[in-house]
Amino acid sequence: MGIETSCDETAVAVFDSVRGLLSHEIYSQIDLHAKFGGVVPELASRDHIRKILPLVRVALDDARIEGSDLAAVAYTAGPGLIGALLVGGTTAVGLAMAWGIPTVPVHHMEAHLLAPLLEDDAPGFPFLALLVSGGHTQLVDVRALGDYRILGQTLDDAAGEAFDKTAKLLGLPYPGGPAIARLAEQSVGPQIELPRPMLNRPGLDFSFSGLKTAVMLKVRALESEGLLSEPVRADLAKSFQSAVVDTLVAKSCRAIEQTRYRRLVIAGGVGANQSLRTTLRDKLAALGVSVYYPRSEFCTDNGAMVAFAGLLRLESKMSKSLEVEAHARWSLQDI
Ligand code: KG4
Ligand code: ZN
């Protein structure tokens with residue numbers, strides 16, 4: 001069983017090493033946090049407490065098994081909101097004690113980067129991973145299970161955070177990524193010029209806060225001239241999305257040149273972005289590189305990726321004893 005509670009999704013899944021995914025349940029807290037324009041940590045923890053055990057029950061029923069049939073309970077041990085992590089961690093450890101089985105603490109970003117392995121067309125090791133979520137933007141050299149080297153990362157905002165903050169500037173609801181992607185589809189006007197941060201600098205690091213500020217200045221200027229119409233907001237959304245996608249694609253190509261890998265995995269919430277997926281696939285196809293990504297529902301936070309990462313760790317004897325682990329900050333390189 002995999003339990004995910006690191007942020008604003010309560011999720012539970014059951015994965016079988018022979019039969020594959022038997023069940024997966026997600027309860028999203030989006031409606032709870034929407035009116036605040038972002039996740040309120042204390043509300044998140046309290047809601048995880050309300051939802052987690054009913055979701056465990058449904059996940060077991062859907063899988064047609066009992067808790068005592070399980071081999072282990074995996075849970076996201078970090079990085080994430082500490083209170084939210086503790087709900088998942090203490091629940092997992094409590095259930096595992098009752099069922100007499102081990103627990104497997106899982107690194108949230110490792111679970112994201114292994115999620116494409118849940119699909120039929122799974123990449124083998126080694127591969128390059130572009131991890132783009134609400135809290136992280138990283139290019140990772142994935143040599144083997146547990147052997148990760150971060151090649152580049154954001155120096156300030158994560159890509160998802162930039163989507164969320166820019167959406168707020170455009171008056172769009174939380175979470176901003178899907179809202180911006182939807183608005184961008186309405187754009188018929190010309191692209192509005194925005195910077196492509198860090199592209200003219202060597203290396204594989206990212207920076208998105210300047211891009212968000214550039215959008216803010218454009219919004220203010222357009223507003224003061226009374227020109228911020230609905231079509232112009234759509235043009236801004238599309239131009240912002242293109243700037244993020246161009247930056248992620250250019251750095252990914254650079255990392256491919258550096259590593260000479262022939263496989264790239266996109267994972268994390270921003271990996272659900274269609275424009276990013278198609279642009280990366282087309283660009284890298286020209287270089288003879290295959291792009292792998294999980295289905296959209298496994299790009300954003302889910303229990304299936306935690307159950308799967310937990311299974312791989314269990315099979316490699318990397319499981320832990322019955323102690324609750326929760327790390328608000330935790331590097332992939334320190335697993
Ligand atoms: O992986 P995730 O569900 O949670 C974290 O681990 O952070 O990622 C959430 C992030 C949010 O910032 C959200 O706006 C973004 O992923 N996101 C998207 C899309 N769907 C979710 N960003 C761009 N386009 C999307 N379609
Ligand atoms: Zn995530």
Side-chain angles (χ1 to χ4, degrees), residues 7-9 28-41 43-44 81 130-138 153-201 205-251 268-277 279 296 299-301:
C7 191
D8 60 343
E9 259 95 28
S28 170
Q29 302 178 354
I30 284 176
D31 293 344
L32 178 71
H33 301 290
K35 56 178 171 291
F36 302 101
V39 178
V40 182
L43 293 183
L81 302 171
L130 173 66
L131 291 182
V132 272
S133 70
H136 292 78
T137 300
Q138 295 179 329
Q153 57 191 327
T154 183
L155 304 178
D156 41 56
D157 292 350
E161 195 179 354
F163 267 100
D164 294 336
K165 289 178 176 171
T166 303
K168 227 176 188 177
L169 289 171
L170 294 174
L172 296 170
Y174 174 85
I180 287 192
R182 271 194 304 274
L183 184 58
E185 279 173 24
Q186 315 291 317
S187 169
V188 286
Q191 289 265 306
I192 295 166
E193 207 174 302
L194 290 172
R196 266 69 178 153
M198 309 278 290
L199 273 199
N200 48 8
R201 287 212 224 150
D205 286 334
F206 303 90
S207 162
F208 290 107
S209 72
L211 177 57
K212 170 201 65 197
T213 309
V215 175
M216 186 177 74
L217 295 175
K218 292 268 185 220
V219 166
R220 281 197 194 149
L222 288 162
E223 251 171 358
S224 68
E225 293 167 43
L227 295 175
L228 194 62
S229 60
E230 193 58 24
V232 171
R233 284 171 66 240
D235 296 342
L236 258 175
K238 184 165 185 192
S239 308
F240 167 79
Q241 179 173 266
S242 302
V244 175
V245 168
D246 284 355
T247 311
L248 294 173
V249 169
K251 295 273 170 162
V270 182
N273 188 280
Q274 278 306 329
S275 169
L276 174 63
R277 287 177 176 224
T279 316
S296 289
C299 271
T300 45
D301 292 348

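Along the sequence shown, residues are numbered consecutively beginning with 1.
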Next on the checklist: My understanding is that only residues two or more places apart in sequence, or in another chain, count here; which of them pass side-chain contact (heavy atoms from CB on, under 4.5 Å) with Glu193?
Outcome noted: none
Next on the checklist: Between Arg220 and Glu223 (salt bridge meaning N to carboxylate O under 4.0 Å), is one present in this structure?
Outcome noted: no
Checklist entry - Ignoring hydrogens and geometry, is there a side-chain-to-backbone donor-acceptor pair from Ser207 to Pro197 under 3.5 Å? => result no
Checklist entry - Side-chain contact, heavy-atom cut-off 4.5 Å: Leu170 with Phe240? => result no
Next on the checklist: So does Pro175 get a backbone contact from the side chain of Asp164, meaning a donor-acceptor N/O pair under 3.5 Å?
Outcome noted: no
Checklist entry - In Å and rounded to the nearest 0.5 Å, what is the CG to CZ distance from Leu183 to Arg233? => result 5.5 Å
Checklist entry - If we ignore angles and hydrogens, is there a donor and acceptor under 3.5 Å between the side chains of Ser209 and Asp157? => result no
Next on the checklist: Using only atom types and a distance under 3.5 Å, with no angle test, would you say the side chain of Arg277 pairs donor to acceptor with the backbone of Gly271?
Outcome noted: yes
Item to check | Within-4.5 Å side-chain heavy-atom neighbours: Val188 and Pro231 | outcome: no
Next on the checklist: Looking at Met198, is its backbone amide N or carbonyl O close enough to the side chain of Lys251 to form a donor-acceptor pair, meaning the two atoms are under 3.5 Å apart?
Outcome noted: yes
Item to check | Heavy-atom pair of closest approach, residues Cys7 and Leu81 | outcome: CA-CD1, 4.1 Å
Item to check | Side chains of Arg196 and Ser242 in contact at under 4.5 Å (non-hydrogen atoms) | outcome: yes
Item to check | Nearest non-hydrogen partners of Gln241 and Asn273, listed with the distance | outcome: OE1-ND2, 3.0 Å
Checklist entry - Under 3.5 Å, side chain of Asp235 to main-chain N/O of Gln191, donor-acceptor pair present? => result no
Next on the checklist: Contact between Val132 and Leu276 at the side-chain level, heavy atoms closer than 4.5 Å - yes or no?
Outcome noted: yes
